[in-house]
K.L.:
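Handing you a structure now.
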Amino acid sequence: MSKIWYPYAQHKTMTAPLQVESAHGVYLHLSDGRHLIDGISSWWSAIHGHNHPIINDALHQQIERLSHAMLGGLTHEPAQECAENLIRICPKGLNHVFFSDSGSVGCEIALKMAIQFWRNQGNTKKKHFLALKKGYHGDTFGAMSVGNPEDDCPSMHDVFSGTMPKHFFIDEPKMGFIPDSDQLKKDISQLKICLEAHHNDIAAFICEPIMQGAGGFNLYCPDYLIAAKELCEHYNVLLIFDEVATGFGRTGTLFAANHANITPDIMVLGKAFTAGYMGHSATLSTSPVFDTFHDDDFKKALMHGPTFMGNPLACTIANTSIQIFESEDYISKIRSIEQTLHQEFSSFTHPHITDIRICGATAVVEVCDATVLQKVQEYAVNHGVWLRPFDRFLYTTPPYTISNECLIQICRVIKDWFSIQS
Ligand SMILES: Cc1ncc(COP(=O)(O)O)c(C=O)c1O
């Protein structure tokens, strides 16, 4: 019997996890001597690859000084510097940073902030959210409740059906990144109709901008976000961008919000924020949001405070990661990854494949039936690549430091898998 309870796993039927001994650059080194290219940056987090010497060095120095001090009543330079960095690089106007320990918790905080934003102004009716079908915001209760709804089967969290608060959902935008203009109009119209009908009950509209992640890798266009921003302002609904997966370059711009050049009221960062070293997240808000909490009445304060929020080691990693990202012009690296992904996949087809989507440093192959991908992980491992498909999606989100040769190896493994399918 396994002592570790593994994620998203049926222990009775799962294959034994591979034993990782160490990792360097884009490689995971297994204890049996094999080396695998980490084709998904260990769940989109290790954007610089593993064991980065500059981050390691900064971390060692920070450990010698201060590895943790609670932010309740105390503060420290790594967290202060990190808040300043985030405010500098995030869309203009996100001036306040609340740290927490994971993307899910970062989203919970965003939802709590949105509800309390209205309560602090005397409005208790706005306690629901509007979210997109095929969305994913994490595995905690609030985050699950705004993820793909339970009646849209199969939903990842079906088993909790009936236990979560009820919110409003509209179809995921279907117009694509380069939009079909008729479909764009339909998608915006659906958003408008829902806001028109229910804005009195809705605290915020939450979405993963440009690219929905684990709910199905749906890509949509900046114009939808621009329209969403205008509609939310018009109907007095806050706009929350969950950039846990899209943040730090994954869609080709530093943040997905940059594609549309807009600032949401609240934005959540995670995953790549701490470069694959440890879990941490940040929920940023604009000053108009923060100001409603700023009061003589203590009850208007945000009642949240994870033990490890703003942890000095996590903040040091984030600060160093941002410094590397900027000084080594990662946006150019991401552009070149995108170019290679296009070259490799542009003319690739197979009867089992229904779509291939590429955006920034992400490529997704969607197949008609999940059984097509049943043995692909084992095949990829046998060919030196670590991938983790789910449902009908086989994807790569490589570290931005990947060489063209290794990137081509990942693409070839994906393509070769289909070439041996009947
Ligand atoms: C868009 C998005 N939001 C939130 C989360 C949850 O983050 P975490 O796994 O760090 O709790 C994820 C994780 O995959 C995500 O992709």
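All figures in this text were calculated on a predicted structure; none of them were measured in a lab. Each ligand, and each atom within it, is numbered from 1 in the order the structure gives.
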K.L.:
Would S346 and F348 satisfy side chain to side chain contact (heavy atoms under 4.5 Å, CB included), going step by step from the backbone distance to the final call?
P.N.:
CA-CA 6 Å; S346 62; F348 184 67; over 6 Å; no
K.L.:
Would E108 and K112 count as a salt bridge (Lys or Arg N to Asp or Glu O under 4.0 Å) here? Give the steps.
P.N.:
CA-CA 6 Å; E108 294 287 335; K112 283 175 72 172; over 6 Å; no
K.L.:
Name the residues with a heavy atom less than 4.0 Å from ligand 1?
P.N.:
S102, G103, S104, Y136, H137, G138, E208, D242, V244, A245, K271
K.L.:
My understanding is that only residues two or more places apart in sequence, or in another chain, count here; which of them pass side chain to side chain donor-acceptor pair (under 3.5 Å) with D291?
P.N.:
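With neighbours one apart ignored, the set is empty.
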K.L.:
So which of D242, I240, I266, T283 actually passes side chain to side chain contact (heavy atoms under 4.5 Å, CB included) with C107?
P.N.:
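Answer to the side chain to side chain contact (heavy atoms under 4.5 Å, CB included) test with C107 among D242, I240, I266, T283: D242.
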K.L.:
Just do the salt bridge (Lys or Arg N to Asp or Glu O under 4.0 Å) check on D187 and K185 with the steps written out, would you?
P.N.:
CA-CA 6 Å; D187 289 327; K185 279 187 205 138; over 6 Å; no
K.L.:
Salt-bridge test for R412 and E344: reply yes if a basic N is under 4.0 Å from a carboxylate O, no otherwise.
P.N.:
yes
